[in-house]
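Down below is the structure, laid out as structure tokens.
Note: hydrogens, waters and symmetry copies are ignored here, and every other heavy atom, side chains too, is used. These numbers come from a predicted model, not from an experiment.
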Amino acid sequence: MNIKKQIPNIITLGNLLCGTIATIYAVRGDFYTTAILVGIGIAFDFFDGFVARLLQVQGEFGKQLDSLADMVTSGVVPGIIMIQYMVNSSHYGELGISSWDAALDMGLNIDSWFSYKVLGLLLTLFAGYRLAKFNIDERQSDSFIGLPTPAMNLFVLSLPLISEYTDNVLIQDIIHNKYVLIFITILLSVLMVSEIKLFSLKFKNYSFKDNSIKYIFLILSLVLLITLKFVAVPVIILLYVLMSVIKNMKKEVSN
């Protein structure tokens with residue numbers, strides 16, 4: 001066995017391990033621990049590719065393993081979180097129920113519960129479709145076609161954290177509205193499998209001229225994180241999509 005070739009795969013398995021443990025905490029409703037584990041998993045997801053390129057050991061096996069790990073960390077986990085959040089905040093929250101288990105113990109309408117469950121899992125289904133598509137799409141070597149699953153995952157993870165650590169009444173009302181949550185679920189699902197070309201944050205060189213949009217995006221993201229904290233996360237994801245669309249439009253006009 002070539003140990004050098006296995007180093008990136010070991011890092012990828014670290015992503016899978018974090019995603020598996022995060023799934024357990026997501027089911028329990030411990031979103032803070034889930035967010036930490038997912039954050040570590042996404043870091044592993046970034047560095048496995050970086051290390052593979054550094055060691056020049058990229059291969060088809062690593063590509064497939066990477067998608068399998070992402071399916072758990074950025075596919076299963078956000079689906080479970082959205083289920084939990086929809087049920088607790090949007091539906092049963094209106095009845096004064098703060099716990100998933102308490103809601104089930106009360107024997108509430110199973111049809112209503114099931115509809116929310118299916119909607120939350122749209123994120124998992126579309127993430128799986130996107131990851132399979134990514135593996136056979138040769139257009140996505142230097143950019144992304146559709147929203148990457150880690151970006152979708154961070155958007156969803158931010159919702160319960162915003163709810164927990166933000167006191168703004170208007171923001172709370174918005175993110176606890178069941179129709180807003182349904183809209184977010186459908187929007188993120190569609191964006192993942194869309195044909196929108198999104199710029200990658202990989203740098204071939206570090207000149208401002210060649211990477212101006214990346215530098216501007218990173219600076220704006222940092223400012224938003226400092227000023228808005230957790231609220232900044234969904235704003236940054238939407239900004240990423242918007243800036244990519246503007247870049248595509250400018251490119252089409254110049255051509």
Say you draw a straight line from OG of Ser158 to CD1 of Ile236; how long is it, rounded to the nearest 0.5 Å?
-> 9.5 Å
Could you walk me through whether Asp45 and Thr73 pass the side chain to side chain contact (heavy atoms under 4.5 Å, CB included) test, one step at a time?
-> CA-CA 10 Å; Asp45 184 39; Thr73 305; over 6 Å; no
Rounded distance [0.5 Å steps], CE in Met192 versus CG in Asn153 = 9.5 Å
CG of Leu198 to CG of Asn248: how many Å apart, nearest 0.5 Å?
-> 7.5 Å
Measure across Ile162 and Gln172 and return the closest heavy-atom pair with its distance rounded to 0.1 Å.
-> O-NE2, 3.8 Å
Roughly how far apart are Ser189 OG and Arg130 CZ, rounded to 0.5 Å?
-> 12.5 Å
Between Leu181 and Met86, what is the shortest heavy-atom contact and its length?
-> O-CE, 3.6 Å
Note: Leu157 and Leu161 closest approach over all heavy atoms is O-CG, 3.5 Å
Are the side chain of Thr34 and the backbone of Ala26 linked by a donor-acceptor contact shorter than 3.5 Å?
-> yes
Side chain to side chain donor-acceptor pair (under 3.5 Å) involving Asp66 - partner list, sequence neighbours excluded = none
Can you measure from CG (Leu201) to CG (Leu218) and round to the nearest 0.5 angstrom?
-> 5.5 Å
Candidate pair Leu187 and Ile184, rule side chain to side chain contact (heavy atoms under 4.5 Å, CB included), full reasoning | CA-CA 5 Å; Leu187 176 64; Ile184 289 172; 5.7 Å; no
Is Leu131 reachable from Phe155 through a run of hydrophobic residues whose side-chain heavy atoms are each under 4.5 Å from the next?
-> no
Check Ile237 against Ala151 and note the closest heavy-atom contact, atom names and distance.
-> CD1-O, 3.7 Å
Geometric class of the Phe47/Phe50 ring pair [parallel <30°, tilted 30-60°, perpendicular >60°] | perpendicular
Within the distance-only criterion (no hydrogens, no angle test), does the side chain of Asn211 pair as donor or acceptor with the backbone N or O of Lys214 below 3.5 angstrom?
-> no
Looking just at side-chain N and O atoms, do Asn135 and Ser67 make a donor-acceptor pair shorter than 3.5 Å?
-> yes
Are Asn177 and Asp173 close enough that some pair of their side-chain heavy atoms sits under 4.5 Å apart?
-> no
Asn15 and Gly41: which non-hydrogen atoms are nearest, and at how many Å?
-> OD1-O, 3.2 Å
Is Tyr215 atom OH crowded by more than 12 heavy atoms from other residues, nucleotides or ligands, each under 6.0 Å away?
-> yes
From Ser74 atom OG to Leu154 atom CG, the distance as rounded to the nearest 0.5 Å | 7.0 Å
Tell me whether Phe126 is reachable from Val38 by hopping between hydrophobic residues (I, L, V, M, F, W, Y) whose side-chain heavy atoms are closer than 4.5 Å.
-> yes
Less than 4.5 Å apart, any side-chain heavy atom of Ile216 and any of Leu220?
-> yes
Please walk me through it: do Phe144 and Phe134 pass side chain to side chain contact (heavy atoms under 4.5 Å, CB included)?
-> CA-CA 9 Å; Phe144 297 109; Phe134 178 82; 4.2 Å; yes
Decide whether Leu238 and Met249 are clustered together by the hydrophobic rule: side chain heavy atoms of Ile, Leu, Val, Met, Phe, Trp, Tyr closer than 4.5 Å, transitively.
-> yes
Are Ile21 and Leu65 linked, directly or through other ILVMFWY residues, by side chains that come within less than 4.5 angstrom of each other?
-> no
Run the side chain to side chain contact (heavy atoms under 4.5 Å, CB included) check on Phe199 and Met243 step by step: do they pass?
-> CA-CA 9 Å; Phe199 63 86; Met243 291 181 67; 4.1 Å; yes
Parallel, tilted or perpendicular: rings of Tyr240 and Phe217 (30°, 60°) | tilted
Do Ile11 and Leu13 belong together in a cluster built from hydrophobic side chains that touch within less than 4.5 Å?
-> no
pair Leu191-Met152: side-chain heavy atoms closer than 4.5 Å = no
Please confirm whether the backbone N or O of Ile145 pairs with a side-chain atom of Glu195, one donor and one acceptor, at under 3.5 Å?
-> no
Short side-chain to backbone donor-acceptor contact, Ser163 and Leu159, under 3.5 Å | no
Heavy atoms only: give me the nearest Phe31-Pro160 pair and the separation to one decimal.
-> CD1-CB, 3.4 Å
Can you tell which of Ile175, Ile80, Thr185 makes a side chain to side chain contact (heavy atoms under 4.5 Å, CB included) with Tyr85?
-> Ile175
